[in-house]
> 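Below you'll find the structure I mean.
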Amino acid sequence: MAQFRFAFLLVLAIDAREDAARLMQAAQANWLSAQGKLDQVDQYRVEYRTRLLGSGQSGMTIVQWRDFQLFLAKLDDVALSQQQEIERLADVYAAHRDAWLECEKKVKAFEALKQRHLAVEMQKELRNEQRSNDEFNTRQRPR
């Protein structure tokens with residue numbers, strides 16, 4: 001049986017797909033981690049606002065009120081920058097996912113070629129076997 005001519009390219013495509021999968025998984029982990037950090041900041045903002053309302057009801061000075069407001073503004077800035085980071089990481093993940101999909105297409109194409117090659121080789125082998133059987137059966141047998 002003849003060797004599949006593109007076997008080496010198939011191996012390279014599989015390796016590239018695995019590398020792309022690892023990069024995609026790392027990008028997804030970074031994206032999810034950033035989302036978790038934003039959730040923590042949001043939770044802290046809610047808790048801090050609750051504390052502000054509680055302190056406001058029991059009375060506070062203007063300086064304390066301003067400090068609360070400044071800190072809340074900083075938390076809002078952090079949340080905004082974290083949201084931008086999440087969007088950037090989502091784009092990175094999408095790019096890695098697209099690269100993985102391209103690698104997957106290549107692997108599938110090479111695997112289809114390999115299957116086609118195997119089918120052709122099997123047909124050749126069956127024809128050769130049939131030819132050998134025909135020759136054997138048509139030979140004169142000594143009596």
Side-chain angles (χ1 to χ4, degrees), residues 1-139 141:
M1 184 180 290
Q3 281 285 340
F4 177 54
R5 293 186 320 194
F6 301 113
F8 182 69
L9 294 177
L10 174 59
V11 170
L12 289 178
I14 290 171
D15 289 346
R17 179 184 63 182
E18 289 173 0
D19 291 342
R22 277 190 289 279
L23 290 173
M24 180 181 67
Q25 288 172 340
Q28 184 181 31
N30 290 338
W31 177 33
L32 293 174
S33 173
Q35 184 64 49
K37 288 177 185 177
L38 178 62
D39 292 343
Q40 288 175 340
V41 169
D42 286 340
Q43 182 180 355
Y44 189 68
R45 281 175 30 192
V46 168
E47 291 172 7
Y48 200 75
R49 279 197 172 94
T50 303
R51 283 185 19 202
L52 172 64
L53 291 175
S55 296
Q57 289 176 351
S58 63
M60 66 172 47
T61 65
I62 301 255
V63 172
Q64 290 173 322
W65 177 258
R66 188 195 60 190
D67 289 343
F68 266 106
Q69 292 300 321
L70 288 173
F71 190 69
L72 279 173
K74 287 181 183 180
L75 286 175
D76 290 341
D77 290 343
V78 167
L80 178 63
S81 67
Q82 188 64 26
Q83 183 60 44
Q84 291 168 345
E85 179 68 3
I86 288 170
E87 291 168 7
R88 184 189 73 77
L89 290 171
D91 291 342
V92 169
Y93 168 73
H96 284 297
R97 185 193 63 229
D98 292 344
W100 177 81
L101 286 171
E102 283 300 313
C103 291
E104 181 70 11
K105 284 180 189 177
K106 284 182 184 180
V107 168
K108 294 292 184 195
F110 282 122
E111 286 176 343
L113 283 173
K114 182 177 182 179
Q115 290 304 316
R116 198 174 309 147
H117 168 78
L118 291 173
V120 167
E121 289 300 312
M122 184 63 81
Q123 286 295 329
K124 285 180 186 177
E125 197 171 303
L126 288 173
R127 277 194 305 266
N128 287 339
E129 187 176 317
Q130 184 64 43
R131 191 176 307 127
S132 295
N133 286 339
D134 289 346
E135 285 176 14
F136 180 76
N137 289 332
T138 58
R139 280 190 212 151
R141 293 188 188 145

> Return the NE2 to CD distance between His96 and Gln28, rounded to the nearest 0.5 Å.
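Going from the NE2 atom of His96 to the CD atom of Gln28 covers 12.0 Å.
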> Is there side-chain contact between Phe4 and Leu113, with at least one heavy-atom pair below 4.5 Å?
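Contact flag for Phe4/Leu113 side chains = yes.
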> Atom OG in Ser132, atom CG in Asn137: separation rounded to 0.5 Å?
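Those atoms lie 10.5 Å apart.
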> Can you tell me how far the CZ atom of Arg17 sits from the NZ atom of Lys108, to the nearest 0.5 Å?
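Between Arg17 CZ and Lys108 NZ, I get 6.5 Å after rounding to 0.5 Å.
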> Could you go through the side-chain contact (heavy atoms from CB on, under 4.5 Å) check for Trp100 and Glu104 one step at a time?
CA-CA 6 Å; Trp100 177 81; Glu104 181 70 11; 3.8 Å; yes
> Let me confirm one number: the CD1-CD distance from Ile14 to Glu111, rounded to the nearest 0.5 Å.
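One finds 5.5 Å between CD1 of Ile14 and CD of Glu111.
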> Counting neighbours of CD on Gln3 that are heavy atoms of other residues, nucleotides or ligands and sit closer than 6.0 Å, is the number greater than 12?
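Incorrect, the count does not exceed 12.
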> As a quick check of understanding, evaluate side-chain contact (heavy atoms from CB on, under 4.5 Å) for Val46 and Arg49, giving each step before the final call.
CA-CA 5 Å; Val46 168; Arg49 279 197 172 94; 5.9 Å; no
> Is there a side-chain contact (heavy atoms from CB on, under 4.5 Å) between Val92 and Trp31 once you walk through the steps?
CA-CA 9 Å; Val92 169; Trp31 177 33; over 6 Å; no
> Quick one: pull up CG in Asn133 and CG in Leu126 and give me the separation to the nearest 0.5 Å.
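That separation rounds to 10.5 Å.
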> State, to 0.1 Å, how close Val41 and Leu75 come at their nearest heavy-atom pair, and which atoms those are.
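Shortest heavy-atom contact: CG1-O, 4.0 Å.
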> Would you please classify the geometry between the Phe71 ring and the Tyr44 ring as parallel, tilted or perpendicular, with 30° and 60° separating the classes?
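The rings of Tyr44 and Phe71 stand perpendicular, inter-plane angle above 60°.
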> Taking all non-hydrogen atoms of both residues into account, name the closest pair between Ala34 and Ile86 and its distance.
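The pair with the smallest heavy-atom distance is O-CD1, 3.6 Å.
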> Does Arg45 have any salt bridge (charged side-chain N to carboxylate O under 4.0 Å, His left out) partners at least two apart in sequence or in another chain, and if so, which?
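Scan of Arg45 (salt bridge (charged side-chain N to carboxylate O under 4.0 Å, His left out), adjacent residues dropped) gives Asp42, Asp76.
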> So for atom CD1, which belongs to Ile62, do other residues, nucleotides or ligands contribute more than 12 heavy atoms lying within a distance under 6.0 Å?
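Counting neighbours around CD1 of Ile62, 12 or fewer heavy atoms of other residues, nucleotides or ligands fall under 6.0 Å, so no.
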> Run the numbers on Asp19 and Arg22 for salt bridge (Lys or Arg N to Asp or Glu O under 4.0 Å), then give the verdict.
CA-CA 5 Å; Asp19 291 342; Arg22 277 190 289 279; 2.3 Å; yes
> Between Ala13 and Phe110, which heavy-atom pair has the shortest distance, and what is it?
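Smallest interatomic distance, heavy atoms only, reads CB-CD1, 4.0 Å.
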> Does Val120 reach the side chain of Gln123, with side-chain heavy atoms less than 4.5 Å apart?
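Of all side-chain heavy-atom pairs linking Gln123 with Val120, none is under 4.5 Å.
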> Name all residues meeting the salt bridge (charged side-chain N to carboxylate O under 4.0 Å, His left out) criterion together with Lys105; count only those two or more places apart in sequence or in a different chain, and write none if there are none.
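Glu102.
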> Can you tell me how far apart CG (Leu12) and CZ (Phe8) are? Round to the nearest 0.5 Å.
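Interatomic distance, Leu12 CG to Phe8 CZ, rounded to 0.5 Å: 4.0 Å.
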> Are the side chains of Leu118 and Met122 in touch, meaning some heavy atoms are under 4.5 Å apart?
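Contact flag for Leu118/Met122 side chains = no.
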> Verify side chain to side chain donor-acceptor pair (under 3.5 Å) between Gln43 and Asp39, making sure each step is shown before the conclusion.
CA-CA 6 Å; Gln43 182 180 355; Asp39 292 343; over 6 Å; no
> Carefully, step by step, assess His117 and Phe6 under the rule side-chain contact (heavy atoms from CB on, under 4.5 Å).
CA-CA 10 Å; His117 168 78; Phe6 301 113; over 6 Å; no
> Ala2 and Glu121: which non-hydrogen atoms are nearest, and at how many Å?
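Here Ala2 and Glu121 meet closest at N-OE1, 3.1 Å.
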> Does the side chain of Met60 reach to within under 4.5 Å of the side chain of Leu52, using non-hydrogen atoms?
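In contact.
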